[in-house]
Amino acid sequence: MGETRCLYPGSFDPVTVGHMDIISRAAAMFDEVVVGVLHNPEKKGCFPVEKRVEMLKKACREMPNVRVIAYGGLLAQLTKEENIRVVVRGVRTAADLESETMMAHVNRQLNPALETVFLPASPGFAEVSASMVRQLAQFGAPLSAYVPLQALPDVAAAFQQMK
Ligand code: PNS
């Protein structure tokens with residue numbers, strides 16, 4: 001039987017236009033996309049998890065089959081709890097493919113029912129990453145090409161506060 005739901009996991013610290021590219025393409029392929037903000041409760045990211053979820057929810061508002069959740073544990077455990085058997089990951093470079101393949105193997109060892117599907121970043125998105133956005137934001141560079149419109153004010157405000 002075909003799969004109707006998928007999990008798109010990530011740190012989303014913060015959400016980028018590259019993430020939105022993958023989310024919108026996954027939303028066109030699956031009945032439901034669960035976007036999982038996976039975080040290690042012992043590690044502090046740049047944005048609080050609640051803020052990352054809030055920005056994603058704003059950016060995905062127009063996509064009715066996308067649900068955003070936060071999870072502080074193993075991806076494999078989340079897929080078991082949500083009864084999801086497909087994980088979608090975006091791949092930008094050959095280096096990405098290598099590390100993502102390793103991650104897919106580990107996840108499948110932990111949950112043998114799981115398949116990981118790789119989507120190549122659309123042209124123009126290969127250079128976009130959350131770490132690059134954080135660096136640009138730190139130095140006050142324009143972010144509109146990299147951060148979805150709905151999340152721009154939150155990202156700008158957070159870095160303004162850090163100054
Ligand atoms: O956006 P990122 O930082 O590339 O996402 C990486 C993420 C969050 C998907 C990955 O680190 C992850 O799955 N973390 C949860 C912990 C886990 O399950 N680790 C085992 C997989 S190797």
Side-chain angles (χ1 to χ4, degrees), residues 2-41 43-92 96-97 99-101 103-104 106-108 110-111 113-122 124-134 137 143-158:
E3 284 303 316
T4 57
R5 305 166 68 224
C6 73
L7 172 71
Y8 177 50
S11 307
F12 303 105
D13 192 23
V15 60
T16 69
V17 291
H19 296 133
M20 295 311 298
D21 166 48
I22 302 295
I23 293 172
S24 59
R25 288 161 61 197
M29 284 190 284
F30 293 89
D31 288 343
E32 187 186 32
V33 179
V34 177
V35 176
V37 179
L38 271 78
H39 58 100
N40 181 341
K43 278 196 193 153
K44 215 173 148 273
C46 181
F47 289 86
V49 174
E50 304 72 41
K51 190 46 122 182
R52 294 186 226 171
V53 169
E54 187 189 319
M55 288 191 283
L56 270 162
K57 281 186 174 168
K58 282 182 193 169
C60 297
R61 211 165 18 208
E62 305 288 309
M63 289 184 256
N65 63 335
V66 174
R67 177 159 60 96
V68 183
I69 61 169
Y71 192 77
L74 286 174
L75 183 153
Q77 186 58 33
L78 172 60
T79 55
K80 285 179 188 171
E81 288 174 17
E82 288 277 338
N83 197 23
I84 291 178
R85 292 194 299 180
V86 177
V87 169
V88 169
R89 288 286 285 170
V91 170
R92 294 164 301 178
D96 266 3
L97 185 59
S99 59
E100 292 296 332
T101 302
M103 215 154 76
V106 174
N107 286 329
R108 202 173 157 89
L110 296 171
N111 178 3
L114 212 55
E115 285 290 358
T116 300
V117 172
F118 298 139
L119 291 184
S122 291
F125 292 114
E127 74 279 22
V128 183
S129 69
S131 61
M132 189 202 71
V133 166
R134 292 196 297 271
L143 299 174
S144 55
Y146 309 110
V147 174
L149 205 62
Q150 303 90 333
L152 261 178
D154 287 328
V155 175

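Note that the structure is a prediction, hence the values are computed from the model and not measured.
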State, yes or no, whether a side-chain contact exists between [X] and [Y] at a heavy-atom distance under 4.5 Å.
X	Y	value
Val147	Met55	no
Val53	Phe12	no
Phe125	Val17	yes
Phe118	Asp96	no
Tyr146	Thr16	no
Leu75	Leu114	yes
Met29	Val88	no
Val15	Val35	no

Roughly how far, to the nearest 0.5 Å, is the [atom2] atom of [Y] from the [atom1] atom of [X]?
X	Y	atom1	atom2	result
Ile23	Leu119	CD1	CG	11.5 Å
Glu32	Leu7	CD	CG	10.5 Å
Arg5	Arg67	CZ	CZ	6.0 Å
Leu110	Arg108	CG	CZ	12.0 Å

Residues Lys57 and Glu54 bridged, charged N to O under 4.0 Å: no
Cationic N near anionic O, under 4.0 Å, Glu127 to Arg92: no
CD (Glu81) with more than 12 external heavy atoms under 6.0 Å: yes
Greater than 12 external heavy atoms within 6.0 Å of Asn83's CG: no
Without swapping roles, check the side chain of [X] against the backbone of [Y] for a donor-acceptor pair under 3.5 Å.
X	Y	value
Arg89	Ala104	no
Lys51	Asp154	no
Asp13	Ala130	no
Asp21	Ser122	yes

To check you understand the geometry: which heavy-atom pair defines the closest contact between [X] and [Y], and what is its length?
X	Y	result
Phe47	Ala158	CE2-CB, 3.4 Å
Val66	Ala27	CG2-CB, 4.0 Å
Thr79	Val87	CG2-CG2, 4.0 Å
Cys6	Ala26	SG-CB, 4.3 Å
Arg134	Cys46	CD-CB, 3.4 Å
Val37	Ser11	CG1-O, 3.8 Å

Steps toward side-chain contact (heavy atoms from CB on, under 4.5 Å) verdict (Leu152, Leu143): CA-CA 7 Å; Leu152 261 178; Leu143 299 174; 3.7 Å; yes
